[in-house]
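Chain naming here is simple, since letters A, B, ... match the order of the sequence lines and numbering starts at 1 in each. Values below: every heavy atom of this structure, side chains too, minus hydrogens, waters and symmetry copies.
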There are 2 protein chains.
Amino acid sequence: MKKASLKDIAQQAGVSTALVSYVLNGKEKETRVGEAIAQKIRLIAKELNYQPNHLAKSLRSGKTHTIGLIIADISNPFFANIARVVEDEAKKNGYTVIIGSCDEHAEKSWDLLNVLINRQVDGFIIVSCEGSENQVHYLKERNIPFVLLDRHFPEIQTDFVATNNYKASYDAGIHLIKSGYSKIGIMAYKSNMYHMEERVRGYKHALRDNHIEFHDAWLKEVHFETMDSEVRTAIDEILASEQRLDAMIFATYGLAINALKYINELRLKVPSDMAIVSFGQAEVFDLYYCPITYVRQPLEMLGKTSVEFLLKKLKNPEEGMKQILMEAKLIARESSKAKAVAAG
Amino acid sequence: MKKASLKDIAQQAGVSTALVSYVLNGKEKETRVGEAIAQKIRLIAKELNYQPNHLAKSLRSGKTHTIGLIIADISNPFFANIARVVEDEAKKNGYTVIIGSCDEHAEKSWDLLNVLINRQVDGFIIVSCEGSENQVHYLKERNIPFVLLDRHFPEIQTDFVATNNYKASYDAGIHLIKSGYSKIGIMAYKSNMYHMEERVRGYKHALRDNHIEFHDAWLKEVHFETMDSEVRTAIDEILASEQRLDAMIFATYGLAINALKYINELRLKVPSDMAIVSFGQAEVFDLYYCPITYVRQPLEMLGKTSVEFLLKKLKNPEEGMKQILMEAKLIARESSKAKAVAAG
DNA sequence: ATAGAATGCTTAATCGTTTAAATTAAAAAT
DNA sequence: ATTTTTAATTTAAACGATTAAGCATTCTAT
């Protein structure tokens with residue numbers, strides 16, 4: 001049994017497709033369709049289990065009610081969760097989301113962008129990866145609506161929804177200092193992306209404001225692709241140095257996971273051998289023998305707001321630029337508890 | 001600047017859209033397009049950065065090159081990962097995947113099904129939830145191609161790709177018994193889904209084959225929606241009973257996570273207080289103070305094969321029914337290590 | 001020279017909708 | 001008895017692509 005189309009209904013009802021379209025779209029009033037014929041049309045539609053063809057609708061209207069979501073790394077649970085939020089929120093508004101992960105590769109991101117543009121998505125929500133500025137410019141030029149999520153480029157004027165990473169990292173530093181730690185390192189991705197730089201900057205300022213001198217060796221930058229080995233090397237270096245750190249901030253979930261694995265192998269104890277605060281959030285942090293203190297980003301709000309911004313823009317393309325920085329919250333757990341000797 | 005269409009190219013080249021279509025689809029030979037004009041068309045297409053409109057193509061061809069993937073619970077990392085595999089594999093073959101999670105609700109699954117059918121997906125890959133048999137029948141009647149993934153209904157003849165859950169669970173039981181445990185419980189979802197029943201059956205047979213009497217109190221069934229509290233109650237009961245269990249099998253990842261959280265709260269030690277084997281896989285199991293023994297399902301193969309089956313069916317709808325059961329592998333870790341007194 | 005084949009291109013229908021404009025018929029106003 | 005309004009419906013173009021069929025040319029063979 002083939003799918004029923006407007007035509008089929010029209011034939012059965014003995015009317016033109018226009019009438020059917022009007023009735024089924026609730027425009028009977030404006031277009032003055034007779035009550036009797038309207039009833040008949042609705043009945044036949046139900047009988048044939050009519051389902052409109054989205055392709056045809058979209059082709060005609062130029063709107064697909066589809067959002068392209070490009071995520072820098074879907075294997076990161078933070079992003080996976082944010083994707084869920086975006087999907088749910090979009091669905092609530094009658095939009096479908098097509099998700100793609102570029103795995104932190106600008107090239108892949110570019111491919112995705114094109115595939116999704118071909119698929120006629122109405123707009124994009126993008127967690128940008130390094131080196132994708134040109135793509136942002138492209139979207140602006142082509143006048144394709146989009147919102148940057150979680151990461152943005154301060155030098156490009158765009159809509160965005162992101163976390164105040166500077167503040168989050170600053171808070172993490174302050175928290176460790178207040179808990180009695182003073183030799184505090186940070187591990188981050190080697191990257192010139194703004195959100196990463198902000199995390200390092202916040203950490204540095206926390207030290208500075210507490211008259212702790214920052215040493216270059218305290219900042220460990222590793223490459224995303226070769227994280228596995230570089231994290232180990234970095235931790236080896238930290239342990240070998242005379243200035244033995246007593247606490248570390250991990251700027252991302254992935255770094256923390258890799259580091260924790262290695263720390264376990266080395267039989268180091270958290271927090272006595274090393275206190276830890278990490279960005280990102282996941283069940284792992286709860287179930288680790290020593291629950292990990294982490295920076296909780298307003299995941300739900302980030303996702304929802306990004307959808308909200310985009311949909312507003314889709315409804316009214318003239319809408320002004322929307323930018324928002326949301327505050328993260330430090331969730332203190334065992335992994336950063338006050339040093340025995342220090343003040344509680 | 002608006003998107004260029006075939007018409008735009010045709011106008012610039014001073015030819016009909018037919019020629020442009022032929023050239024850009026590589027049919028110049030069959031349709032005998034002049035070499036000079038073909039060159040010109042290709043050049044103009046490049047200049048205008050022509051991107052074909054998928055909607056129009058699909059409307060015409062009846063093929064969207066889109067697969068609907070309905071997942072029972074995307075918050076389960078096993079499913080999240082399998083979704084990734086499906087997506088990657090589909091992309092390799094030029095297909096886009098639209099993912100939806102029904103959160104184990106048949107009703108939601110039904111909605112998703114309809115939304116995706118409206119979107120004209122070419123076929124489905126489905127991780128079914130309880131009570132969705134009617135949906136499977138519907139797809140069969142409507143002759144819409146689909147493959148069931150991970151879960152299937154033995155009483156309905158369909159294509160499917162799944163794990164041999166009976167064997168996996170049997171192996172888990174044997175492993176615990178060989179490691180010296182004898183009072184072995186299992187926690188599962190209260191469900192009459194086949195995959196769940198098979199897991200319980202496999203466990204029971206492992207006991208039987210080793211002359212261990214199964215007690216009803218050893219099987220704890222909890223509801224998916226109220227898992228949080230019911231898992232706790234179940235564990236409380238186990239601890240309170242005179243027949244104190246020394247090992248447990250968790251039939252799903254979600255159950256294991258909830259149980260481990262509670263076990264931690266109770267300060268029980270794994271495996272000395274209770275050995276554990278769990279289905280599912282995730283980083284948590286690695287980073288837990290005592291790495292968790294788990295059943296590794298052939299995630300990659302499951303995902304890839306399901307795509308393969310579906311695409312074959314799309315290419316040739318007359319293709320015969322394909323069913324496959326894949327073997328899981330038990331990954332032994334600390335959480336089920338041999339009891340001190342028992343044989344190593 | 002001329003039928004027939006080969007070549008190169010256009011026409012027009014089609015997929016399933018939407019919607020402005022045209023048409024017709026009936027009712028109301030003159 | 002006309003004209004004007006109002007109501008109810010149809011027509012047809014459009015969205016952007018594909019493709020079978022048709023129409024001119026030019027070339028080849030008789």
Atom pairs under 3.5 Å, N or O on each side, protein against nucleotides 5-8 of chain C: can you list them with distances?
none

What is the distance from [atom1] of [X] to [atom2] of [N], rounded to the nearest Å?
X	N	atom1	atom2	value
A/His65	C/dT17	NE2	P	16 Å
B/Asn118	C/dC15	CG	P	19 Å
A/Leu6	C/dC15	CG	P	13 Å
A/Gln51	C/dG16	CD	P	15 Å
A/Lys7	D/dA12	NZ	P	14 Å
A/Leu55	D/dA14	CG	P	22 Å
B/Lys3	D/dG16	NZ	P	9 Å
A/Leu48	C/dG16	CG	C1'	15 Å

Closest heavy-atom contact between [X] and [Y]?
X	Y	answer
B/Leu310	B/Gly123	CD2-C, 4.0 Å
B/Ala83	B/Ile74	CB-CD1, 4.2 Å
A/Ile70	A/Leu113	CD1-CD1, 3.6 Å
B/Glu30	B/Gly26	OE1-O, 3.8 Å
A/Lys3	B/Gln120	NZ-OE1, 3.6 Å

Do A/Arg84 and B/Ser101 meet the criterion of a side-chain donor-acceptor pair at a distance under 3.5 Å?
->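 Distance-only check fails for A/Arg84 and B/Ser101.
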
Compute whether any side-chain donor of one residue and acceptor of the other, for A/Ser109 and A/Gln135, lie under 3.5 angstrom apart.
->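 Per modelled atom types, A/Ser109 and A/Gln135 side chains form a pair under 3.5 Å.
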
Could you list by number each residue of residues 57-64 of chain B showing a heavy-atom separation from DNA chain C of less than 4.0 Å, or answer none if no residue does?
->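 Residues of residues 57-64 of chain B under 4.0 Å from DNA chain C: B/Leu59, B/Arg60.
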
Using the six-membered ring wherever Trp is involved, compare the ring planes of A/Phe160 and A/His152 and label them parallel, tilted or perpendicular (cut-offs 30° and 60°).
->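 Ring orientation, 0 to 90° scale: parallel.
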
Donor-acceptor pairs under 3.5 Å, side chain of residues 31-41 of chain B to any protein atom, not counting sequence neighbours: which ones?
| residue | atom | partner | partner atom | Å |
| --- | --- | --- | --- | --- |
| B/Thr31 | OG1 | B/Lys27 | O | 2.5 |
| B/Glu35 | OE2 | B/Gln39 | NE2 | 3.0 |

B/Thr17 or A/Val15: which one's nearest nucleotide on DNA chain D is closer to the 5' end?
->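 This one resolves to A/Val15.
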
Could you tabulate the donor-acceptor pairs under 3.5 Å formed by side-chain atoms of residues 313-320 of chain B, not counting sequence neighbours?
| residue | atom | partner | partner atom | Å |
| --- | --- | --- | --- | --- |
| B/Lys313 | NZ | B/Asp159 | OD1 | 2.9 |
| B/Asn316 | OD1 | B/Glu318 | N | 3.1 |
| B/Asn316 | ND2 | B/Glu319 | OE1 | 3.1 |
| B/Glu319 | OE2 | B/Lys322 | NZ | 3.2 |

Any B/Ser5 side-chain N or O less than 4.0 Å from OP1/OP2 of D/dG16 =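 It does not, given that no N or O in the side chain of B/Ser5 lies less than 4.0 Å from OP1 or OP2 of D/dG16.
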
Sequence neighbours excluded, every pair satisfying ring pair (Phe, Tyr, Trp, His ring centres under 6.0 Å) that has a member inside residues 51-78 of chain A |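 Counting only pairs at least two positions apart or across chains, the ring pair (Phe, Tyr, Trp, His ring centres under 6.0 Å) contacts touching residues 51-78 of chain A are A/His65-A/Tyr95.
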
Residues from residues 18-30 of chain A sitting under 4.0 Å of DNA chain D, heavy atoms only?
->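 Within residues 18-30 of chain A, the residues near DNA chain D are A/Ala18, A/Leu19.
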
